[in-house]
Amino acid sequence: MSEDDDYCLIDAARPPRADGPPYAECVLCREPTEYPESYKGVTYCPVCEWREAERTSCSG
């Protein structure tokens with residue numbers, strides 16, 4: 001990959017998936033997420049995660 005290909009600077013790091021309850025709450029709608037409750041950081045439910053990905057996607 002050359003420098004020209006590195007135009008998207010969004011960090012795509014994701015929290016680890018939970019094996020089961022308790023699940024963390026979505027920071028936007030407070031629905032359960034697929035991530036463990038013990039995860040410290042921003043978590044989204046699948047719907048809000050998809051919408052956030054659309055909103056922040058690279059248009060290049």
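Note that the structure is predicted; figures quoted are calculated from it, not measured.
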Of all heavy-atom pairs linking Y44 and E49, the shortest is CB-N, 3.6 Å
With E31, the side-chain contact (heavy atoms from CB on, under 4.5 Å) member among C48, C45, P46 | C45
Report whether V42 and L28 are members of the same hydrophobic cluster (ILVMFWY, side-chain heavy atoms less than 4.5 Å apart, transitive linking).
-> yes
With distance as the sole test, does T43 use its side chain to make a donor-acceptor pair with the main-chain N or O of V27 at under 3.5 Å?
-> no
Value rounded to 0.5 Å, distance of OH in Y35 from SG in C26 = 10.0 Å
Can we say R51 and E54 salt-bridge, meaning some charged N sits less than 4.0 Å from an Asp/Glu carboxylate O?
-> no
